[in-house]
There are 2 protein chains.
Amino acid sequence: MADASADAVPRASPWRASRERVHDRQVKREAVIRAAAHAFNRKGYHNTSLDDIAAALEVSKPTVYYYVSNKEQLLFECFVAGIEPIRSGLRQARALKASARERLKAVLDHYGRAVASEFGWSMVRAEDQDLSPAMSAHIKSLKSEIDQGIRRLLREGAQDGSIHPCDPKMTAFALAGALNWIAHWYREDQSMTGADIAAAFITVFENGLMPRAGGRVER
Amino acid sequence: MADASADAVPRASPWRASRERVHDRQVKREAVIRAAAHAFNRKGYHNTSLDDIAAALEVSKPTVYYYVSNKEQLLFECFVAGIEPIRSGLRQARALKASARERLKAVLDHYGRAVASEFGWSMVRAEDQDLSPAMSAHIKSLKSEIDQGIRRLLREGAQDGSIHPCDPKMTAFALAGALNWIAHWYREDQSMTGADIAAAFITVFENGLMPRAGGRVER
DNA sequence: TAGGATACCTACCAATCAGTATGATACAGC
DNA sequence: GCTGTATCATACTGATTGGTAGGTATCCTA
């Protein structure tokens with residue numbers, strides 16, 4: 001591990017470079033969130049101190065607290081930044097005039113990209129036992145929304161004939177699990193983009209393990 | 001969550017009940033490992049203190065250290081206890097006289113049961129950034145062994161015609177990811193046994209999302 | 001029955017770290 | 001130039017916790 005340089009894209013901190021103060025609270029706040037996400041990616045939530053995050057931004061700890069109320073909220077913000085694209089993808093898919101399978105594929109594509117994004121790790125790992133009951137519940141409800149959306153698409157697919165009949169709950173768990181897990185290996189193996197991975201997974205999910213009549217895959 | 005009683009099966013601690021000392025180091029050591037696994041399941045690695053584990057066994061902290069050298073090793077032992085059944089399943093499968101798909105199914109069955117076991121969480125979550133480089137490497141090699149075994153079965157399946165042609169690497173990632181993720185939701189939803197879940201997942205993996213000629217699933 | 005090994009405990013240390021008290025500095029408007 | 005507000009730093013606290021020092025009771029063996 002090349003210490004700090006591996007994941008530390010020299011993403012210009014709003015504090016860096018110029019000595020005069022930039023008066024853009026929103027920009028700075030987002031920079032703090034992003035720095036937190038990168039630190040969490042590299043070292044995990046518990047092994048990341050707020051001093052680490054501050055140091056990455058070349059600022060002191062109270063400055064971080066000036067933009068964020070506490071560490072927990074930092075994780076929460078990273079989670080939201082990660083899951084929002086999936087929620088939006090789910091809404092978009094609902095509007096599509098296509099088979100349920102096509103709509104599901106669109107959702108899975110968004111999902112895969114999101115997990116491979118800079119906030120993927122935080123999104124996937126949040127909730128656990130590291131958060132207050134209130135935040136944990138909030139996160140759980142957002143996750144549940146995605147889960148229910150996928151289950152619904154699976155049921156609709158079984159009805160319109162575009163998806164092989166299946167247990168929606170277990171199938172949704174399998175799909176989400178496979179995609180969530182991307183966050184665990186993507187850091188070490190970035191040989192593919194998030195979009196590539198999503199596409200590859202969708203192919204796997206669609207075909208299944210059993211050979212099909214057609215024989216060949218339409219890659 | 002019913003606090004301590006939910007996961008805390010009143011598993012008799014070797015220390016509990018009798019005041020005269022039981023002289024079986026191995027039994028006690030395993031009790032320590034198991035107590036650690038249960039604590040990690042409930043609160044996560046970082047939120048579990050060695051005092052917690054000691055308290056669960058009704059012992060003092062130094063007693064825990066008498067059986068285990070440090071916290072890291074505790075996690076490592078839990079990991080090994082979790083992954084060993086999968087390794088053994090992989091070896092057994094290699095000896096089977098069956099199609100590659102059948103052998104793969106056998107492995108996935110072991111895999112699913114293992115992840116749903118009491119050590120599943122520790123197995124799945126270990127490695128991360130919580131361990132020394134040496135242990136991390138050790139764990140990584142054990143995980144890689146499983147991964148390579150699955151990829152190999154996928155390749156063999158493509159050759160003997162029992163498995164639909166696929167990208168072994170991505171397919172193995174998808175399968176393992178889906179199964180690993182069981183550890184995340186199984187704690188809260190124990191409505192099924194590990195064997196049931198494994199069977200359900202295998203059905204999903206085999207059929208895939210696209211409808212099949214046969215139409216119905218042979219549940 | 002002395003001496004050693006085993007098994008366990010009380011009390012403590014040292015380090016880490018989330019979060020804060022306090023105050024300095026710069027800038028905007030007047 | 002003056003004042004209020006926004007932004008940031010130094011230096012600290014309080015609590016947790018991994019790990020240990022040192023001692024005690026019990027058992028086995030010679």
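Naming convention: chains lettered A, B, ... in sequence-line order (proteins, then strands); numbering from 1 in each chain. Just so you know, these numbers come straight off a predicted model, no measurement behind them.
- Distance alone, capped at 3.5 Å, places no donor-acceptor pair between the Asp51(A) side chain and the Lys61(A) backbone.
- In terms of the side chain to side chain donor-acceptor pair (under 3.5 Å) criterion, Ser141(A) has no residue partners (sequence neighbours excluded).
- Separating the CG atom of Leu50(B) from the P atom of dT16(D) is a distance of 16 Å, rounded to the nearest angstrom.
- To the nearest angstrom, P of dT17(D) lies 13 Å from OH of Tyr45(B).
- Across the protein-nucleic acid pair, Asp51(B) atom CG and dA11(C) atom P stand 14 Å apart, rounded to whole Å.
- Which of dC8(D), dA6(D), dC9(C) sits closest to the side chain of Lys28(A) comes down to dC8(D).
- Within the structure, the ring pair (Phe, Tyr, Trp, His ring centres under 6.0 Å) test picks out the following pairs touching residues 109-131 of chain B (sequence neighbours left out): Trp121(B)-His184(B).
- With rounding to whole Å, Tyr66(A) atom OH is found 14 Å from dA9(D) atom C1'.
- Side-chain rings of Phe76(A) and His138(A) approach one another, their centers coming within less than 6.0 Å.
- Contact annotation for Thr48(A): backbone-only contact, meaning every heavy-atom pair under 4.0 Å involves sugar-phosphate atoms and none involves a base.
- Residue Tyr67(A) has its side chain nearest to dT7(D) when only dG19(C), dT7(D), dC8(C) are considered.
- In summary, Lys28(B) and Asp24(B) do not engage in a salt bridge, as defined by a charged side-chain N under 4.0 Å from a carboxylate O.
- In this structure, of dC8(C), dA18(C), dT7(D), it is dA18(C) that holds the atom nearest to the side chain of Tyr65(A).
- As a whole-Å value, the separation of Leu57(A) CG from dA9(D) C1' is 15 Å.
- Checked against dG19(D), dG19(C), dT6(C), the side chain of Lys71(B) finds its nearest nucleotide in dG19(D).
- Nearest nucleotide to the side chain of Thr63(B), out of dA9(D), dG18(D), dC8(C): dC8(C).
- Side-chain proximity of Asn70(A) to dG18(D), dG19(C), dA7(C): nearest is dG19(C).
- Per the geometry, CD belonging to Glu72(B) stands 18 Å off P belonging to dT17(D), to the nearest Å.
- Rounded to an integer number of Å, the gap from CG of Asn47(A) to P of dT16(D) is 20 Å.
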Are any protein N/O atoms closer than 3.5 Å to N/O atoms in nucleotides 11-15 of chain D? If there are, list each pair with its distance.
none

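- Rounded to an integer number of Å, the gap from Arg29(B) CZ to dA7(C) P is 13 Å.
- Put simply, the side chain of Ser144(B) never gets that close to the backbone of Lys140(B): no donor and acceptor are under 3.5 Å apart.
- Using a 4.0 Å heavy-atom cutoff across all strands shown, Ser49(A) reaches sugar-phosphate atoms only and no base atom.
- Classified by interplanar angle (parallel below 30°, tilted 30° to 60°, perpendicular above 60°), the ring pair Trp181(B)/Trp181(A) is perpendicular.
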